[in-house]
Structures are given as C-alpha cells and as structure tokens.
Amino acid sequence: MQLEKVDILSMLKIMKANYAYAFRDLDKEQTNLMANTWYAILSKEPKELVQMAFYKSLEVCKMPPTIADIKEQIEN
C-alpha cells in the first residue's frame with residue numbers, strides 16, 4: 001500500500017501529542033513544510049514499513065523521531 005500525505009500528518013499528530021514541548025511553537029506553515037519533507041523522503045517506502053518504523057522509533061527515541069530515525073528503523 002502506498003504512503004499518503006494524510007498518513008504523514010497522522011504521524012506528526014501522534015508526535016505532537018507525545019512530545020508536546022517539541023512542537024508547541026510549530027505553526028501551520030511549518031507543519032506543512034515538515035509534512036511535505038517527510039512525505040518526499042518516506043513515500044518511497046511501503047506504507048506498512050514506514051508505520052512500523054515510526055512506532056519503533058517512538059519506542060527507542062528519547063527525542064521526537066526524525067526522518068533519519070525512521071529510515072534507520074526501516075534498514076534494521
């Protein structure tokens with residue numbers, strides 16, 4: 001299944017709920033930029049793999065996961 005931008009927005013909402021301090025000053029334009037960047041890089045991977053890697057990153061990262069953290073989980 002193909003990853004869609006709505007999937008990325010959902011992941012960002014989950015991160016905002018779990019790391020509120022890190023995203024408290026993020027405005028709508030910055031959120032869109034972040035979503036577009038994540039989508040541009042992560043959409044090359046299968047949706048299920050990205051989602052699994054995202055949740056694994058939440059388990060192991062002490063700070064909000066980055067694209068690199070998710071890519072690392074995909075490669076492991």
Side-chain angles (χ1 to χ4, degrees):
M1 196 168 207
Q2 181 72 25
L3 186 72
E4 297 180 17
K5 191 169 176 187
V6 68
D7 300 314
I8 298 293
L9 291 170
S10 177
M11 286 187 261
L12 295 179
K13 286 179 185 177
I14 291 167
M15 286 191 348
K16 188 172 183 174
N18 287 283
Y19 302 97
Y21 63 89
F23 298 99
R24 68 177 175 263
D25 297 328
L26 201 65
D27 64 23
K28 188 173 184 173
E29 182 179 343
Q30 292 168 322
T31 300
N32 272 336
L33 180 59
M34 188 174 180
N36 289 338
T37 305
W38 279 49
Y39 181 74
I41 296 170
L42 296 174
S43 65
K44 300 169 189 160
E45 304 288 347
K47 177 180 177 175
E48 295 81 11
L49 191 57
V50 172
Q51 289 176 326
M52 181 273 314
F54 171 72
Y55 284 108
K56 183 65 179 171
S57 295
L58 289 178
E59 290 179 17
V60 299
C61 293
K62 292 181 171 110
M63 300 295 288
T66 64
I67 294 169
D69 292 322
I70 294 168
K71 293 288 285 184
E72 183 177 319
Q73 292 302 320
I74 289 171
E75 293 167 6
N76 287 337

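Fair warning: this is a prediction, and the values are worked out from it, not measured in the lab.
For Lys5, the NZ atom is densely surrounded, since the number of other residues' heavy atoms within 6.0 Å is greater than 12. Atom CD of Glu48 is surrounded by more than 12 heavy atoms from other residues, nucleotides or ligands within 6.0 Å.
Nearest heavy atoms, Leu58 versus Pro65: CD2-CG, 3.8 Å. Residues Tyr21 and Pro64 come closest through the heavy atom pair OH-CD, 4.0 Å. Across every non-hydrogen atom of Tyr19 and Cys61, the tightest pair is OH-O, 3.4 Å. Between Ala40 and Ser43 the shortest heavy-atom distance is O-OG, 3.9 Å.
Atom CD in Gln51 sits 11.0 Å away from atom CG in Leu42 (nearest 0.5 Å). A distance of 10.5 Å separates CE in Met34 from CE in Met11, rounded to the nearest 0.5 Å. Atom CE of Met15 and atom CG of Leu26 lie 9.0 Å apart (nearest 0.5 Å). Within the model, atoms CD1 of Ile8 and CH2 of Trp38 stand 7.0 Å from one another, a figure rounded to the nearest 0.5 Å. Here the CG-CG distance, from Asn32 to Leu9, works out to 7.0 Å after rounding to the nearest 0.5 Å. Rounded to the nearest 0.5 Å, atoms CE (Met52) and CD (Glu45) are 10.0 Å apart.
Criterion: ILVMFWY side-chain heavy atoms under 4.5 Å apart, direct or through other members. Under it, Tyr39 and Ile67 are part of a common hydrophobic cluster. Residues Phe54 and Met1 do not share a hydrophobic cluster, clusters being chains of Ile/Leu/Val/Met/Phe/Trp/Tyr side chains in contact below 4.5 Å.
No donor-acceptor distance shorter than 3.5 angstrom exists from the side chain of Ser10 to the backbone of Val6, with no hydrogens or angles considered.
Contact check for Ile70 versus Gln73: no side-chain heavy atoms found under the 4.5 Å cut-off.
When the salt bridge (charged side-chain N to carboxylate O under 4.0 Å, His left out) test is applied to Asp7, the partners found at least two apart in sequence or on another chain are Lys47.
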* To do: Please lay out, stage by stage, how Ile14 and Tyr55 fare under the test side chain to side chain contact (heavy atoms under 4.5 Å, CB included).
  => CA-CA 10 Å; Ile14 291 167; Tyr55 284 108; 3.2 Å; yes
